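These notes concern the structure reproduced below.
In this text, all values refer to a predicted model and were calculated from it rather than measured experimentally. The chains referred to below are lettered A, B, ... by the order of the sequence lines, with proteins before strands, and numbering in each begins at 1. All values below were derived from every heavy atom in this structure, side-chain atoms included, with hydrogens, water molecules and symmetry-related copies excluded.
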Amino acid sequence: MFALVDCNSCYASCEQVFRPDLRDKPVIVLSNNDGCIIARSKEAKRLGIPDLQPYFKLKGFLRQQGVSIFSANFTLYGDISHRVMTTLREYAAEVEVYSIDEMFLSFDGLPDDLKTYGQEIKQRIWRDVRMPVSVGVAPSKTLAKLANHAAKKISRLDGVCLLDTAEKWQWVQARLPVTKVWGIGSRTGKRLNTMGIRSILDLARANPKHMRREFNVNIERTITELNGTPAIDMETDVEPRQQIYCTRSFGHKPGDLYSLQTSISAYTARAAEKLRDQNSETKALQVFISCSRFEEEPYHGQQVVELPYATDDTRVLSHYARLAVEQLYRPNRLYARAGVGLIDIRSKDFQQRDFFYPTDNPRSEALMKTLDKINHRYGHGSAFLAAEGQKKRWRMRQAFLSPAYTTRWQDIPRVMLG
DNA sequence: TCTGGGGTCCTAGGACCC
DNA sequence: TCTGGGGTCCTAGGACCC
């Protein structure tokens with residue numbers, strides 16, 4: 001058996017952890033640059049606030065309803081998530097961190113009463129971290145996802161749903177459209193609909209081999225899993241990333257090359273930091289700059305840069321990224337987004353060097369280590385390349401940012417006594 | 001004025017090899 | 001009628017996830 005534990009309205013709940021005054025109140029969290037709504041508390045959902053809507057369109061309504069608004073604070077969410085995951089590890093021998101707010105647990109060899117066990121987990125996470133979670137338990141990962149969905153929707157289940165017999169999961173499957181299944185998105189959903197497959201149960205009853213020919217191997221696995229046979233394994237080890245991207249929308253749209261170059265330098269620095277974190281280097285990077293896609297003739301320039309040798313040195317990466325921006329730049333336009341991706345990543349432990357590789361530079365290594373240490377200790381952006389610029393007028397909007405309560409000394413909450 | 005960001009996997013098709 | 005067959009690697013694009 002598998003369990004899927006999912007934090008309810010994760011980001012909104014994270015904001016409430018240190019703001020108990022906002023408990024049971026409508027709270028929403030905006031995406032980077034305060035663009036869209038990406039999380040809503042129960043009460044905010046009840047007000048009819050839709051997901052992934054541009055903030056500016058709902059501004060008036062939100063104010064009128066007294067909704068509390070937050071800019072995304074991923075430092076805080078990452079830390080709260082880590083606390084939840086650490087606690088969850090106590091409840092299963094095998095776990096998979098699936099996303100910032102979801103974890104799969106393997107329940108093999110555990111007591112029969114998994115419903116009670118699920119309740120115990122839920123109460124423990126609430127007691128220790130003040131994070132509300134839902135628990136879905138079933139014989140495959142896809143069914144566990146489905147059970148989790150049911151746990152959220154059916155209030156009498158009290159946040160824990162066990163789908164351990166075909167009757168139970170078919171009851172749920174018959175009542176949900178096929179696009180609610182893990183792995184079936186809107187595109188495939190449309191195609192399935194034209195084939196007469198509307199509910200999840202319709203898909204579960206389709207011929208897996210035939211569907212594989214019609215679509216791909218994933219759909220075959222999904223069908224197998226929907227019928228109670230596991231076909232998707234737990235992924236217990238964290239593999240290093242194969243690609244690392246850092247892309248942002250601008251707070252103020254720049255039109256000058258200098259702003260684009262400084263922003264790209266800053267994004268490269270962030271990506272390189274993540275690269276070093278996983279002890280990797282990259283042999284290629286991708287750079288893009290683009291105008292708003294809502295413009296009449298949007299410009300999107302992108303370029304892949306093959307490096308002469310694999311590296312993790314921010315200065316080298318930044319140099320090539322800036323050259324690329326220079327080539328992509330078109331004057332007399334305003335840019336909305338830019339980004340950089342490290343796309344040919346390999347481990348530093350298995351370096352393939354050729355004849356022309358410059359000899360290892362211990363000073364580069366030491367400099368990067370020191371840079372990372374300073375930024376880790378005093379917060380991102382404490383030490384940076386001059387190429388990232390001083391002013392950063394392009395920096396993204398974060399008008400409603402909460403403190404980094406758990407990761408910055410200045411932001412630690414104070415408790416009033418007496 | 002304002003419309004997210006960061007990933008993964010699969011497939012098809014072309015190049016190339018013997 | 002009939003134009004080899006099978007394999008690998010790479011890339012772009014599509015689809016999906018949260």
Pull out every stem in DNA chain B, meaning runs of 3 or more consecutive Watson-Crick or G-U wobble pairs with both distances under 3.5 Å. B:5-18 with C:5-18

Is the NZ or CZ atom of A:Arg124 positioned over A:Trp126's six-membered ring, under 6.0 angstrom from the centre and within 45° of the axis? no

Side-chain contact check for A:Arg293: nearest option of B:dG4, C:dC17, B:dT3 is B:dG4

Would you tabulate the pairs of protein nitrogen or oxygen atoms and nucleotide nitrogen or oxygen atoms of nucleotides 9-12 of chain B closer than 3.5 angstrom?
from: B:dT11; atom 1: OP1; to: A:Val217; atom 2: N; distance (Å): 3.4

Among the candidates B:dC2, C:dC18, B:dG4, find the nucleotide nearest to the side-chain atoms of A:Arg397. B:dC2

Considering every strand and a 4.0 Å limit on heavy-atom distances, what is the contact class for A:Leu52: base, sugar-phosphate, or nothing? base

Scan A:Lys57 against the nucleic acid and name what it touches under 4.0 Å (heavy atoms): base, sugar-phosphate only, or nothing. nothing

Rounded distance (Å) that lies between atom P of B:dC2 and atom CD1 of A:Ile37: 18 Å

Touch check for A:Lys145, heavy atoms < 4.0 angstrom, all strands: base, sugar-phosphate only, or nothing? sugar-phosphate

Pick base, sugar-phosphate or nothing for A:Leu30, based on heavy-atom distances below 4.0 Å to the nucleic acid. nothing

When A:Arg83 is tested against each of A:Val17, A:Asp128, A:Thr406, A:Ile125 for side-chain contact (heavy atoms from CB on, under 4.5 Å), which residue passes? A:Thr406

So which one's nearest nucleotide on DNA chain B is more toward 5', A:Arg241 or A:Gly251? A:Gly251

